[in-house]
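Since the structure comes first, as C-alpha cells, the remarks are kept for the end.
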Protein chains: 2
Amino acid sequence: MTAVLTKKGEATRARIIQGSAATIREIGLANTGLDQIRARTGTSQSQLFHYFPEGKAELLLAVADYEATRILDDQRPLLDALTSWTAWEQWSERILETYEREGVHCGLSALTSQLGPNDPQVRAIIGRMYESWEAALAEGLRATQRAGEISPVVNPEIAAAALVVSIQGGIQLLAATGSARHLRAAVSTVIASLRT
Amino acid sequence: MTAVLTKKGEATRARIIQGSAATIREIGLANTGLDQIRARTGTSQSQLFHYFPEGKAELLLAVADYEATRILDDQRPLLDALTSWTAWEQWSERILETYEREGVHCGLSALTSQLGPNDPQVRAIIGRMYESWEAALAEGLRATQRAGEISPVVNPEIAAAALVVSIQGGIQLLAATGSARHLRAAVSTVIASLRT
DNA sequence: ACTGTTCTGGATTGTCAAGTCCATTTATGA
DNA sequence: TCATAAATGGACTTGACAATCCAGAACAGT
C-alpha cells in the first residue's frame, strides 16, 4: 500500500473488496482466485497487490470485515428499534426474505468455515459481529419487556443467542438443502417461545 | 479401482477415508491436500488413486458419506428411542457433550460450505443425512406425544427442523467463537418450547 | 508351486494460482 | 508547470498440487 489513497484509489480499493465479496458469495471461496477477482473488478495483479500488499490473506480479511458489517446493516434500521411485536415481526420477515431471496450463500459462513478456525483475525471479526448482533437483539428484547409485550421471565441473553443460532443454522441448511423450510421453522419456533 | 478388494485392500481404503476425515476436521478442507492425507495415513499416491480412481473428488465423496453416517451413529442408540423426557434429556446432553468436547469442527459443515453448493452429489448425501436425522427426531416427538409427555399441539416436523437447526447453528457458532454458549442456549430454548 | 490379480513405491508431468518486478500512465499539490 | 507520489498494465518466477505412469512386491485361488 502507499502512504495516502487518492479518491480514485479509494474507489478502486472498495471496488476490489465488494467485487471479491460478491464473487465469493456466488462461486464460493474455494473457487475464487485472484483471476476471478480481477475479471470481476476489472483490475490487474499490480492493483490487487498495490492495495493489499500482504496479498490474498489481507484482502480476505477486508472482505470479512465488509461482510460482517453488511450483515448487520442489512437489518437496519429495524435492528435498532425492536420495541414491539410489530417491530419483531417486521424484522424477522425481513431476515427471512433477505436470505430466501439472495441468501443461498451467507458470505461470512464461507469465510468462517475456511478461515475462521485457523485465522485468529477473522475469528475476531466474526466474534465481534455476533457480539453486537446479539447485543442489539438482547437490547430489543429488554425494551419489549419494558413495554410489557414480552414476559419478564424470558432471559434476553439466552433468547438473543437462540435467535442468532436459528438464523445462522437456518442459512446453513438453506445452503445445503436449497430450501428455507428449516430457517422458517427454527426462527418461528424461537419467536413463538417468546410469547410464553 | 480393481474388480475386488482383498481384506488388506478394504483396510487401507477405510484407513484413507477415516484419516482424510480426521485431517479435514483438524486443519480444514482448504488445507488438506493429498500430501497431508498421505502423511496421515501412511500411503502413497498410487494407493490413493488405486482406491479412488477418479481422484480427490471421489475420495471426498466417500469422506462425506462417512461423516454423514458418523453424525447419526454418534447419537445412537438414543436417537432411535426418544419416547420420554428422560430420553430427550439424555440425548440432548449427549449432543452437547460430544460437540463441546471434540466438536470444534463439524466435519460435514466444512465439506458442505465448500462442496455442498457446487457438487450435487455431496448435496445429496448431506440432504439425505438431514432427512433421516429429522425423521428420527420427528418420530421421537410423535412417540413422546403418544406417551402423553408432549402436548399434541406441537408440530413434530417443525420442532424436529428447529432442533436440527439449533444444533447445526450452535456448532457453527461454537467453531467461530470457541464457546458452546450459543449451542446450549439454542437447544435448550427449543426443547423448552416443547414443554408448552 | 504357479499364475493372474491386487497392492504398493516413487519418479514424473502438467496445470494453475500466488506473488514479484519493472515500466508506464495518471493524479496531486506547490 | 513541474516534481513527486500514487495508480496501473502486464510479463515473469515460483511453488504447490493433482494426476499419470511404470516397475516391482504381496497376495489369492488353484
Side-chain angles (χ1 to χ4, degrees), chain A residues 1-21 23-24 26-64 110-111 114-115 118-119 121-122, chain B residues 1-21 23-24 26-64 110-111 114-115 118-119 121-122:
Chain A
M1 187 102 73
T2 53
V4 188
L5 287 184
T6 66
K7 270 250 161 69
K8 197 178 169 190
E10 283 286 8
T12 305
R13 197 184 127 95
R15 200 173 78 237
I16 292 172
I17 293 175
Q18 290 168 20
S20 305
T23 306
I24 290 170
E26 283 168 24
I27 64 176
L29 179 53
N31 305 317
T32 303
L34 260 22
D35 287 357
Q36 280 72 38
I37 293 174
R38 287 190 335 103
R40 171 94 181 209
T41 58
T43 48
S44 61
Q45 287 101 317
S46 324
Q47 286 172 290
L48 259 32
F49 285 88
H50 179 69
Y51 295 104
F52 305 94
E54 313 273 294
K56 202 184 185 187
E58 189 183 356
L59 169 56
L60 290 181
L61 211 64
V63 171
L111 291 165
Q114 183 143 1
L115 304 175
N118 313 322
D119 191 327
Q121 306 199 67
V122 177
Chain B
M1 186 105 69
T2 55
V4 188
L5 287 184
T6 66
K7 271 251 159 71
K8 197 177 168 193
E10 283 286 7
T12 305
R13 198 184 127 94
R15 199 173 77 237
I16 293 171
I17 294 175
Q18 290 168 20
S20 306
T23 307
I24 291 170
E26 282 168 24
I27 63 175
L29 179 53
N31 305 318
T32 303
L34 261 20
D35 288 356
Q36 279 72 39
I37 293 175
R38 287 192 334 103
R40 170 93 181 210
T41 59
T43 48
S44 62
Q45 286 100 321
S46 325
Q47 287 172 288
L48 258 33
F49 284 88
H50 178 70
Y51 295 104
F52 305 95
E54 313 273 292
K56 201 184 184 186
E58 190 183 353
L59 170 56
L60 290 182
L61 212 63
V63 170
L111 290 165
Q114 184 144 1
L115 302 175
N118 314 322
D119 190 325
Q121 307 199 65
V122 177

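A, B, ... follow the sequence lines: proteins, then strands. Residue 1 opens every chain. Atoms considered below: every heavy atom in the structure, side chains included; atoms not considered: hydrogens, waters and symmetry mates. All values derive from a computational prediction rather than experimental measurement.
Nucleic acid contact class of A:Ser44 (heavy atoms, under 4.0 Å, all strands): base. Nucleic acid contact class of A:Ser46 (heavy atoms, under 4.0 Å, all strands): base.
Within residues 32-42 of chain A, no residue places a heavy atom under 4.0 Å from DNA chain D. Within a heavy-atom distance below 4.0 Å of DNA chain C, the residues of residues 49-57 of chain A found are A:Phe49, A:Gly55, A:Lys56.
Atoms CG (B:Asn31) and P (D:dA16) sit 14 Å apart, rounded to a whole Å. The distance between atom CD of B:Gln45 and atom P of C:dG14, rounded to the nearest whole Å, is 16 Å. The distance between atom CZ of A:Arg15 and atom C1' of D:dA7, rounded to the nearest whole Å, is 11 Å. As a whole-Å value, the separation of B:Leu60 CG from D:dC17 P is 14 Å. Rounded to whole Å, the distance from NZ on B:Lys7 to C1' on D:dA26 is 17 Å. Atom pair A:Glu10:CD and D:dA5:P shows a separation of 20 Å (rounding to whole Å applied).
Listed for the A:Gln47 side chain is a donor-acceptor partner under 3.5 Å among the backbone atoms of A:Ser44. Put simply, the side chain of A:Glu26 never gets that close to the backbone of A:Thr23: no donor and acceptor are under 3.5 Å apart. In this structure, the side chain of B:Gln36 engages the main chain of B:Gly33 through a donor-acceptor pair within 3.5 Å.
Residue A:Leu5 places its side chain closer to D:dA7 than to any other of C:dC21, D:dA7, C:dG10.
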Open item on the list: What verdict does the side chain to side chain contact (heavy atoms under 4.5 Å, CB included) test give for A:Leu48 and A:Arg38, after you've listed the backbone C-alpha separation in whole Å, the side-chain angles of each residue and the deciding distance to 0.1 Å?
Closed with: CA-CA 8 Å; A:Leu48 259 32; A:Arg38 287 190 335 103; 3.5 Å; yes

Check: Going through the distances and angles, do A:Thr12 and A:Leu5 end up as a side chain to side chain contact (heavy atoms under 4.5 Å, CB included)?
Finding: CA-CA 10 Å; A:Thr12 305; A:Leu5 287 184; over 6 Å; no

Report task. Check the pair B:Leu34 / B:Gln45 against side chain to side chain contact (heavy atoms under 4.5 Å, CB included), numbers first and verdict last. Result -> CA-CA 8 Å; B:Leu34 261 20; B:Gln45 286 100 321; over 6 Å; no

Report task. Step by step, work out the side chain to side chain contact (heavy atoms under 4.5 Å, CB included) result for B:Leu61 and B:Glu54. Result -> CA-CA 11 Å; B:Leu61 212 63; B:Glu54 313 273 292; over 6 Å; no

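Neither OP1 nor OP2 of D:dA5 sits under 4.0 Å from any side-chain N or O of A:Thr6. The side chain of A:Thr2 contributes an N or O atom lying less than 4.0 Å from OP1 or OP2 of D:dA7. Close to D:dT8, at under 4.0 Å from its OP1 or OP2, lies a side-chain N or O of A:Gln47.
For the pair B:Thr41 and B:Gly19, the tightest heavy-atom approach, listed with the atom from each and the gap, is CG2-CA, 3.8 Å. The nearest pair of heavy atoms linking A:Gly55 to A:Phe49 is CA-CE2, 3.6 Å.
Using a 4.5 Å heavy-atom threshold, the side chains of B:Tyr51 and B:Glu58 count as separate.
Rounding to the nearest 0.5 Å places OG1 of A:Thr43 at 12.5 Å from NE2 of A:His50. The distance from atom OG1 of A:Thr32 to atom CG of A:Leu60, rounded to the nearest 0.5 Å, is 9.0 Å.
Bending across the helix from C:dA1-D:dT30 to C:dA30-D:dT1, expressed as the angle between its end axes from five pairs apiece, amounts to 30° (10° rounding).
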